[in-house]
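Notes follow the structure.
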Amino acid sequence: QDLQLPVGWMEHVDDALWRDEIVVVRLMSAVEKEKGVELLGNKVADALKAHVAQTLGHTVLLYRPADPPVLDLDEMVLSYKKVEEDKQSKEE
């Protein structure tokens, strides 16, 4: 099945990616089975030069770095590690 993606919807997702770099897309009305979510998510990602970061149920998480980047992924990882270390030290 060759599903055509609405131009206005694609532009909306594209704008959100430029602004936020990471976007949650719910595809419940677009595909009946969860198996189709990955296929459609990849189609959207390819069209927008983005990456599928994750699929869960009928939801796809898309990522595309902006120029200049909005998200500092290295800083996010360091921050996450610090939070985890703080949790462990409190448990001890």
Side-chain angles (χ1 to χ4, degrees):
Q1 171 184 352
D2 187 29
L3 180 64
Q4 296 298 314
L5 302 169
V7 174
W9 182 82
M10 290 291 287
E11 288 174 350
H12 176 74
V13 174
D14 188 47
D15 289 344
L17 281 167
W18 281 120
R19 183 183 61 246
D20 302 323
E21 290 187 329
I22 196 159
V23 176
V24 174
V25 180
R26 291 178 180 85
L27 301 172
M28 287 180 240
S29 61
V31 290
E32 292 179 21
K33 297 182 180 180
E34 290 180 15
K35 200 185 298 185
V37 172
E38 188 173 346
L39 295 172
L40 184 55
N42 283 321
K43 182 174 181 175
V44 172
D46 289 345
L48 298 176
K49 295 181 175 48
H51 306 281
V52 174
Q54 182 180 24
T55 59
L56 182 63
H58 282 84
T59 304
V60 176
L61 184 65
L62 297 177
Y63 171 73
R64 181 180 66 200
D67 188 23
V70 174
L71 300 173
D72 184 344
L73 297 179
D74 292 331
E75 179 61 34
M76 290 173 72
V77 168
L78 291 173
S79 177
Y80 175 78
K81 286 180 179 178
K82 179 159 179 22
V83 168
E84 290 301 309
E85 289 170 358
D86 289 347
K87 282 183 188 177
Q88 287 179 357
S89 66
K90 287 180 182 178
E91 291 174 358
E92 294 174 356

**Study point:** Val44 side chain near Val60 side chain, heavy-atom distance below 4.5 Å
**Key:** no
Can you list, pair by pair, the side-chain donor-acceptor contacts under 3.5 Å of residues 74-84, counting residues two or more places apart and other chains?
unit_1 : atom_1 : unit_2 : atom_2 : d
Lys82  : NZ     : Asp86  : OD2    : 3.4

Practice item. Determine whether Leu39 and Leu61 fall in the same hydrophobic cluster, where Ile, Leu, Val, Met, Phe, Trp and Tyr are linked whenever their side-chain heavy atoms lie under 4.5 Å apart. Key: no
Exercise for review: Answer yes if Trp18 and Val25 sit in the same cluster of Ile, Leu, Val, Met, Phe, Trp and Tyr residues linked by side chain heavy atoms under 4.5 Å apart, and no otherwise.
Suggested key: no
Might you point out which heavy atoms bring [X] and [Y] nearest each other, and give the distance in Å?
| X | Y | value |
| --- | --- | --- |
| Val52 | Ala45 | CG2-CB, 3.8 Å |
| Ala47 | Met10 | CB-CE, 3.5 Å |
| Ala50 | Leu17 | CB-CD1, 4.0 Å |

Check your understanding: Does Asp14 offer a backbone N or O that forms a donor-acceptor pair with the side chain of Arg64 under 3.5 Å?
Key -> yes
Point to revise | Where at least one partner belongs to residues 49-61, residue pairs that pass side chain to side chain donor-acceptor pair (under 3.5 Å), sequence neighbours excluded | key: none
